[in-house]
> 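This is the structure, below, for whatever I ask next.
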Amino acid sequence: MDKILEVKDLHVTFSTYGGTVKAVRGVNFYLNKGETLAIVGESGCGKSVTSNAIMRLIPEPPGKISNGSIIFKNKELTTLSEKEMRSIRGVDISMIFQDPMTALNPTLTIGTQLMEGLQQHQQITGDQAKSKAIEMMNLVGIPNPAERLKQYPHQFSGGMRQRIVIAMALICKPELLIADEPTTALDVTIQAQILELFNEIQEVTGVSIILITHDLGVVAKIADRIAVMYAGKIIEVGTKREIFYQTQHPYTKGLLHSVPRLDLQGEKLTPIDGTPPDLFSPPQGCPFTARCPLAMEVCDKVYPVTTERSDSHKVDCWMQDDRAKQLLATSAEK
Amino acid sequence: MLRYILKRLLIMVITLWIIVTLTFILMVSIPGSPFNSERGTNEAVQANLEAHYNLDEPYVIQYFLYLKSIVTFDFGPSIKQPSQTVNDMLGRGFPISFELGIITIIVAVISGVTLGIFAALKHNKVIDYMAMGFAVLGISIPNFVLATLLIQQLAVNYELFPVARWLSPAHMILPVTALATGPMAIIARLTRSTMLEVLTQDYIKMARAKGLSPWKIVIKHALKNALMPVVTIMGTLLAGILTGTFVIEKIFAVPGMGKYFVESINQRDYPVIMGTTVFYSAFLIIMLFLVDLAYGILDPRIKLHKKGGE
């Protein structure tokens, strides 16, 4: 399969008065053409920063991509000028934001906001842009597109607005769509509709999707592969099946156990105790050590080496080490 | 919309009536009469004069006579300069005051908004600090101090501009500068702060994610939202500029309405006081109404007709 995007050793830092926040600390992942990769993690783990870094939308200063490379279709994005980057944004890579209530400009009509991306990047007449906009509105399932183009965002419901945001992101036919918590701000029935829409759109357009979320239900529904992020690092990555059924990392297990399940009635949910580490001075070892039920002395001192369990399944955890497995076996015998 | 406008018109008339009434009460409660300074008139002549201008009538009758003059927009001749009617004075003075005021507003809005945008875009950089330092100065220095300073330096010392009067565009530069600096500074500070807020909004990020150029984002997406608070304070600024014109007109010897306004009060020239007050108030009220309408045009979420239909 063709890799459309490859991120290698990405580091993003933010300089603040209190010091430097190391928000993303050496992230590696790739995305194949036409697949959906979900990046999962709790708030502040660096998933949104990673996605903004790909779009080069991190405010500089205070933010900075301090190291690493982002290769999109054999093009290195980190060294492109702002102007070159503008010709990629919206055309090759598009983005959808969390809250459709604030992602649309309240003072401009939907039509204006839909068409401006087209008019920025393509030589196109007003009428052509309009028919394209109507076509996109049809694709995302908005009735009466021709009339609704003239309306303002406040005349639409939340779900409809998110559909419009999706239409806006897709209007220039991008190859990569980054969706940053696209369903978090919506109520549950609308969430399901929007996720369904993502599946349909991927079928029609073949777009590759990076889905940022903390909702494992969303992941289960539309992701092909999953990357679990914690404290600025990807600690486990694998196919959906591998993450859900062959879970390796204690943090991933913790995440899965803290989600209510219909088939496990009567059992208590187990939350992960504690809070993520301070990213001003992240620990040198595994950042999950303080909260990990299986923590060993080595975890606190040295960051685990990456274990490749299969071509797709990779875990950063000392429990994968043979010696740890032996130790576990002997302690079980006692 | 029509209903809203009609409702507003009615409120405007009531407001105007309150202003007129208050002015009348203030006017008659100030001691003195227009004929105090006329030396050498004996009491019989005074009484005759007062009778001529209906000043011997009870206040209630006088009040209704005033109301009538307002409704018919005929304030009669000035007491002090009987050869001129109040309408003549307004007709001569108002276009000049209007010109001064309008130019001032245009200059203040354009320069203030521009300064505010640049300060916001270069947040915490030298341009920002310079613009805001300038704005603080502009707010702190009263316009009459600035006016005398401008005359002394630019007109007298360097002879770049005429010292006073209102004859050519060159004559306009100093009075407009003196009058516009304060409002400009207020607008600049306000634009900067709202702009900074707007620039962090998701729809700005969305516009960037669409690949729009920075200037397009500022002009098309940010400015319209950032201007809303500016439009809100435009009403207050207009009032400030209008009253500011009295002082500035006096300093620069601009033959506008300010002269009549101030002199008429000193001389107890009742018809002129009434005429200028009513005219100024009406003008200001209409301007405020237009500002409210502009607000509805800028922000589609504000539906004027709905508010009016309640």
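None of the values given here were measured: they were computed from a predicted structure. Letters A, B, ... mirror the listed sequences (proteins, then strands); counts begin at 1.
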> So if I take each residue of residues 181-195 of chain B and look for any heavy atom under 4.5 Å from a heavy atom in chain A, which residues do I end up with?
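Heavy-atom contacts from residues 181-195 of chain B to chain A are absent.
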> Among K83(A), M101(A), E116(A), who wins on heavy-atom pairs under 4.5 Å with chain B?
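Result: the option with the highest number of such pairs is E116(A).
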> So, does Q193(A) use its side chain to make a donor-acceptor pair with the main chain of G159(A) at under 3.5 Å?
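The answer is no, because no donor-acceptor pair under 3.5 Å joins these two groups.
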> Keeping S97(B) on the side-chain end and M257(B) on the backbone end, is there a donor-acceptor pair under 3.5 Å?
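Answer holds: yes.
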> If we ignore hydrogens and angles and just use 3.5 Å, is the side chain of Q201(B) paired with the main-chain N or O of Y203(B) as donor and acceptor?
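Answer holds: no.
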> Are any side-chain N or O atoms of R56(A) and backbone N or O atoms of E82(A), one a donor and one an acceptor, separated by less than 3.5 Å?
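Pair absent, no side-chain N/O of R56(A) close to backbone of E82(A).
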> Examine whether an atom of L108(A) lies under 4.5 Å from a heavy atom of chain B, and if so say whether it belongs to the side chain, the backbone or both; otherwise answer neither.
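For L108(A), the contact with chain B is made by the side chain alone.
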> Is it the backbone or the side chain of V165(A) that comes under 4.5 Å from a heavy atom of chain B, or both, or neither?
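It is both, since atoms from each part get that close.
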> Applying side chain to side chain donor-acceptor pair (under 3.5 Å), name anything that partners E197(B), two or more places apart in sequence or on another chain.
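Side chain to side chain donor-acceptor pair (under 3.5 Å) list for E197(B), sorted by chain: empty.
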> Checking T109(A) against T112(A): is there a side-chain donor and acceptor pair closer than 3.5 Å?
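Judged by distance alone, the side chains do pair up.
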> Keeping Q202(A) on the side-chain end and G34(A) on the backbone end, is there a donor-acceptor pair under 3.5 Å?
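Such a contact is found between Q202(A) side chain and G34(A) backbone.
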> Keeping R148(A) on the side-chain end and I142(A) on the backbone end, is there a donor-acceptor pair under 3.5 Å?
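Absent.
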> When only pairs under 4.5 Å are counted, which of P174(A), P153(A), G117(A), A103(A) shares the most heavy-atom pairs with chain B?
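Highest number of heavy-atom pairs under 4.5 Å: A103(A).
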> Is it true that a side-chain atom of Q98(A) and a backbone atom of T184(A) form a donor plus acceptor pair closer than 3.5 Å?
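No; zero donor-acceptor contacts below 3.5 Å.
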> Output yes when a side-chain donor or acceptor of Q191(A) lies under 3.5 Å from a complementary backbone atom of T183(A), and no otherwise.
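Checking the backbone N and O of T183(A) against the side chain of Q191(A), a donor-acceptor pair under 3.5 Å is found.
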> Under the ring-ring contact (aromatic ring centres under 6.0 Å, His included) rule, collect the residues that match up with F246(B), sequence neighbours excluded.
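F261(B), Y280(B).
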> Non-hydrogen contacts under 4.5 angstrom with chain A: give the residues of residues 212-241 of chain B involved, or none if there are none.
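So far as heavy atoms go, L212(B), S213(B), P214(B), K216(B), K220(B), H221(B), K224(B), N225(B), M228(B) are the residues that approach chain A to under 4.5 Å.
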> With no hydrogens and no angle check, is any side-chain donor or acceptor of Q113(A) less than 3.5 Å from a backbone partner on N105(A)?
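Side chain of Q113(A) to backbone of N105(A), a donor-acceptor pair under 3.5 Å: yes, one is there.
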> What part of M95(A) lies closer than 4.5 angstrom to a heavy atom of chain B: side chain, backbone, both or neither?
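Both backbone and side chain.
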